Amino acid sequence: MALLDVIDLVVEFPTRRGTLRALDGISFSIEPGEILGVVGESGAGKSLTGSAIIGLLEPPGRVASGQIQFEGSRIDRLSPAQMRPIRGRQIGAIFQDPLTTLDPLMSVGRQLVETMQTHLKLSDRDARARAVQWLEEVGIPAAAERVEAYPHQFSGGMRQRVVIALALCAEPKLVIADEPTTALDVSIQSQIISLLKRLTESHGTSVMLVTHDMGVIAETCDRVAVMYAGRIAEIGPVADVVRTPSHPYTEGLMGSIPSLEARVERLRQIDGAMPRLGAIPQGCAFNPRCGRTIARCFTHRPDLMPAGATQAACWLVGGGAA
Amino acid sequence: MSQQPRIVFEAIEASRSFDVSKGPLQRVLSGEGRRILRAVDSVSFGISHASTLSLVGESGCGKSTMARLAVGLYRPTGGEVRFEGQNLSAARAQPALRRKMNMIFQDPYASLNPRWRVRDIVAEPIRAFKLLQGPKDINDRVGQLLTQVGLSAKDGEKFPHEFSGGQRQRISIARALSSEPEFLVCDEPTSALDVSVQAQILNLMRDLQNRYGLTYLFISHNLAVVRHMSDRLGVMYLGRIVEQGPAEAIFRTPRHPYTRLLLEAIPDISSVGRRRTPVGGEVPSPIAPPPGCTFHPRCSLANERCRTEKPEHTRNDDVLVACHAVQEGRAV
Ligand SMILES: Nc1ncnc2c1ncn2[C@@H]1O[C@H](COP(=O)(O)OP(=O)(O)OP(=O)(O)O)[C@@H](O)[C@H]1O
Ligand SMILES: Nc1ncnc2c1ncn2[C@@H]1O[C@H](COP(=O)(O)OP(=O)(O)O)[C@@H](O)[C@H]1O
Ligand code: SF4
Ligand code: SF4
Ligand SMILES: [Mg+2]
Ligand SMILES: [Mg+2]
């Protein structure tokens, strides 16, 4: 059984000028121990997908239809009180800015102890010992002396390490990491990603890793979902999506990334921009920018269809264009 | 024999320090001396006509400070910055030279006045330098500039908030081009943009360079972007250039341990499933940089000499490297 199943998820924002559909029928699953990457342009719906799963959609945003199942049980209809023990204990979260997660007025040790004691039955002593262990495990030097330190006494990279310890210390089965390294320096980014990968591997934790960095995805994830305008354009094993993408958008995206390995004269360019919510064209949302449209692209919206090793939402795959 | 291309921009042992001391009273109370932060520390490089030199390095290494020195937003506290063979202050005193340099910033929103229509934003340098007179000529020119950067003349009527991030960066580029510059300093011009939009902007910058012979000082922390854009490359660490030379040579055989670390740290789409050994350590505070080679606390090749003696630049082929191990032949 998959650990997480997202089935035809629709997230809407009612506004004065009508309802905006920000996520429009998203389906995917995450297996135990698997790292699923989620990429896409800003506004594609990556963060909303994460917020919906941990039950932190900002009102008036709401799950309008579809289901989110965790270990086979629906979690999309739970009250905040029912959701609280799941968040943290079952599903941990890591966000881009460590300062939004850390309490500036509490020592990092105290924050770890409180998080663990909320979710696990631990004596003060054991919790404190574990807090030091976690700080050591995420690579804070002299952890025993620094459990009493406050977040502002750490550098940006150190703080993100503390956030990882906080997300993992209640031993959740799934971690949602939304751009966990975007605010950090390149050399620190790779430290943090390796750390996240090593720890989740050793604890058997599944990860949904949201990022716009395809390089990070390529090195870290088992599978990747490419999002476009509130939908999944393509999903599949990383190597296949990166090397032999089936969706024209994925193909364009891969070509637009400069590589360290091969220098090209001109980057491949997808002209135009992703449509705004409320101005998403009929048929395939990518049709104004796609160089390979057929008549059906303008009238019917493609769903994910098997395309070799991946699944792609495009009429050209699955015999659509034959 | 081909002619040597002319050097458009040059930094000669340029330095910029900032006084980050506490107030005088607090200094007395805490018994602390003045604290000087050397953001750019004796940096030398030249950029020849119609080429691109890029500076890379981690946050705080002095890239933006160097960019601001290059366009005269900061004065050097040591050394010299030269444009078209003249000291920058002398060059900037002449409108004919001043209009030939311009800057594009990272955040295309913060750098555009939200209350101005796009046509006025783009026309501002044309008016300031009195490049054209009548409103019709100015309007035509603005329309032309907007078309050049892939927008339409009609977009001049709109305000910045009506555009996406990539379109706003196009507006900044149109404005930067409006004074017909030869030299553009681009500080992280695509760092705030999605990769697909980044590709549009990088292609546009290349096209403009080919068409108008523009010279770029390009700044980024993204090595893949830098590789794509640069003829020459300078790698900065704590205010100094530790390795510089032809970009291809450095990417092919990085010599300085820090350059190697940077290249190793960067995840690349060609490396599916690659296992990397993460690099240790963080950038130390630039206020009290380590003695000797400032990179020694993070360097696996550091020895006693590195901890005490600052390495000078030595030339290897066309590449300058500041590292004892490289100079001693220990870095293999
Ligand atoms: N006006 C200033 N006053 C004091 N310190 C400054 C000033 N400007 C820059 N600095 C310091 O100088 C150093 C270099 O800063 P700079 O902005 O050039 O870095 P950068 O390489 O552009 O970094 P980033 O990648 O984060 O943009 C930093 O330590 C910074 O804090
Ligand atoms: N509170 C909100 N109200 C209205 N629209 C929102 C809200 N939050 C997000 N959206 C919209 O939903 C879409 C997806 O947003 P998000 O998930 O944050 O994108 P990503 O993380 O991929 O950049 C965007 O068009 C965004 O503008
Ligand atoms: S469905 Fe049509 S428009 Fe959409 S990506 Fe496929 S070919 Fe292009
Ligand atoms: S001089 Fe020494 S410490 Fe500095 S980079 Fe070279 S080997 Fe490393
Ligand atoms: Mg987001
Ligand atoms: Mg900067």
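Letters go in sequence order (proteins before strands), and every chain restarts at 1. Bear in mind the structure is a predicted one, so any value in this text is a computation, not a measurement.
- Note: V195(B) leads V195(B), L202(B), N222(B) in heavy-atom pairs under 4.5 Å with chain A.
- Contacts of R268(A) with chain B are made by backbone atoms alone, with heavy-atom separations under 4.5 Å and no side-chain atom involved.
- Proximity to chain A involves both the backbone and the side chain of R227(B), based on heavy atoms less than 4.5 angstrom apart.
- When all heavy atoms of S196(B) and E41(A) are compared, the pair lying nearest together is OG-OE2, 3.0 Å.
- Nearest heavy-atom pair across A224(B) and S259(A) is CB-C, 4.2 Å.
- The greatest number of non-hydrogen atom pairs below 4.5 Å with chain B, out of S155(A), G43(A), G252(A), is found for S155(A).
- By the neighbour-count criterion of 12 heavy atoms within 6.0 Å, atom CZ of R276(A) is sparsely surrounded, having that number or fewer from other residues, nucleotides or ligands.
- For chain B, no part of R198(A) is nearby; none of its heavy atoms comes within less than 4.5 Å.
- Among all heavy-atom pairs drawn from N203(B) and R266(A), the shortest one is CB-NH2, 3.6 Å.
- Of the two parts of V242(A), only the side chain, counted from C-beta on, holds a non-hydrogen atom closer than 4.5 Å to a non-hydrogen atom of chain B.
- Looking only at heavy-atom pairs under 4.5 Å with chain B, the residue among M254(A), E265(A), M158(A), M214(A) that has the most is E265(A).
- Looking at D207(B), the atoms closer than 4.5 Å to chain A (heavy atoms on both sides) all sit in the side chain, from C-beta outward.
- Judged by distance alone, the side chain of Q269(A) and the main-chain N or O of Q198(B) form no donor-acceptor pair under 3.5 Å.
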**Request:** Show the numbers, then the answer: is there a side-chain contact (heavy atoms from CB on, under 4.5 Å) between L267(A) and H228(B)?
**Result:** CA-CA 9 Å; L267(A) 295 169; H228(B) 177 70; 3.4 Å; yes
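- Both the backbone and the side chain of L223(B) come within less than 4.5 Å of a heavy atom in chain A.
- Among M229(B), Q167(B), E248(B), the residue with the largest count of heavy-atom pairs under 4.5 Å with chain A is E248(B).
- Heavy-atom neighbours of R17(A) CZ from other residues, nucleotides or ligands within 6.0 Å: at or below the threshold of 12.
- Taking both residues in full, the closest heavy atoms of D194(B) and G40(A) are given as OD1-O, 4.5 Å, listed atom of the first, atom of the second, then distance.
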